[in-house]
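Take a look at the structure below.
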Amino acid sequence: MSMLEVRNLTVRFGNMVLVDDVSFTVEPGERLMIVGPNGAGKSTLVSAVAQGVPYEGTVLLDGKDVRSFKPAELARRLGMLMQTHFVGYSFSVEEVVRLGRYAHARNFLAARSEGDNEKVAEALASTGLTDMADQSVLTLSGGELQRTFLAQVFAQDPNLLILDEPTNHLDLVYQKRVFGLINEWLGSPRRAVLAVVHDLSLARAFATRVMLMCHGRLVCIGTPEETLVSEKLDAIYEMDVRGWMHDLLVCWQ
Ligand code: ADP
Ligand code: MG
């Protein structure tokens with residue numbers, strides 16, 4: 001049984017179709033990466049899978065319709081890092097990361113457990129935020145804020161991690177570290193990652209499978225070798241993708 005099965009998912013806004021009849025599966029241990037031009041519907045698709053926007057169609061987790069899960073149960077199975085973050089209050093970094101643990105509380109007022117403190121400390125350390133734990137999130141740089149929300153979803157520790165441009169705002173050191181962390185995290189059984197990335201080289205290096213999206217539709221899905229090919233990329237980006245990547249690399253020689 002697939003860990004995630006998406007069947008005929010469609011998202012409409014007024015009379016616009018933002019995601020058009022998309023079906024795919026994610027298997028345990030997978031790193032499925034979604035790529036495609038701006039406005040292709042990538043964020044809308046992953047938000048719908050994470051139950052963040054209304055959709056038509058079916059989303060199954062381990063064969064069960066997600067609509068039947070209670071919020072805390074859903075949060076133990078599925079965690080999402082959004083492309084943009086909203087911070088309205090002066091929470092500390094640690095407080096924001098700790099919010100990820102509510103999925104594991106027996107009830108909303110349950111006392112903090114030892115396990116929670118450990119998970120929070122681990123998530124802070126692995127994202128390089130231990131020294132900033134008490135700083136207000138309102139004062140963070142874009143990259144620090146991105147790492148805070150990454151730490152939150154790692155502390156949440158769901159089975160399926162959905163990441164929308166996880167390396168957005170991150171410098172090279174943290175880009176590398178985030179993908180290292182994801183790979184490490186995938187070392188335990190019954191885990192998988194579904195990520196939107198705009199960097200095709202990252203998709204090529206880290207994906208087990210890649211989905212190409214354009215105009216709300218799934219163009220193709222398969223191994224990086226099958227999908228990240230000039231013929232397909234040039235059609236969806238309407239440019240010579242390989243030529244541009246090559247020109248960029250040549251500058252380093
Ligand atoms: P991507 O993540 O691939 O760049 P999005 O999923 O964010 O694309 O957006 C897909 C399209 O849907 C875009 O053209 C965007 O402007 C539009 N869109 C997204 N959210 C809304 C919304 N709430 N209302 C109207 N249009 C939207
Ligand atoms: Mg997006």
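Note that this is a predicted model, so its numbers are computed, not measured. Both ligands and their constituent atoms are indexed starting at 1 by order of listing.
- With respect to the salt-bridge test (charged N to carboxylate O, under 4.0 angstrom), the residues Lys119 and Asp157 qualify.
- Note: His85 and Phe149 have parallel aromatic rings, judged against thresholds of 30 and 60 degrees for the angle between ring planes.
- The residues Glu56 and Arg12 are annotated as salt-bridged, a charged nitrogen and a carboxylate oxygen being separated by less than 4.0 angstrom.
- Checked against Leu194 for a side chain to side chain contact (heavy atoms under 4.5 Å, CB included), the options Leu78, Asp164, Leu161, Ile34 give a single hit: Ile34.
- Taking a cut-off of 2.8 Å, the protein N, O or S atoms nearer than that to the Mg ion (ligand 2) are Ser43 OG, Gln83 OE1.
- Using a 4.0 Å cut-off between charged nitrogen and carboxylate oxygen, Arg77 and Asp62 count as a salt-bridge pair.
- Between Ser201 and Met245, the closest heavy-atom pair is OG-CE, 3.6 Å.
- Here the side chain of Glu238 pairs no donor or acceptor atom with the backbone of Ala235 at under 3.5 angstrom.
- When heavy-atom distances to ligand 1 are checked against 4.0 Å, the residues falling inside are Phe13, Met16, Leu18, Pro37, Asn38, Gly39, Ala40, Gly41, Lys42, Ser43, Thr44, ordered by chain and number.
- In this structure, Arg191 is not positioned above the aromatic face of Phe154 in the sense of NZ or CZ being under 6.0 Å from the six-membered ring centre and within 45° of the axis.
- The two residues Cys220 and Thr227 make their nearest non-hydrogen contact at SG-CG2, 3.8 Å.
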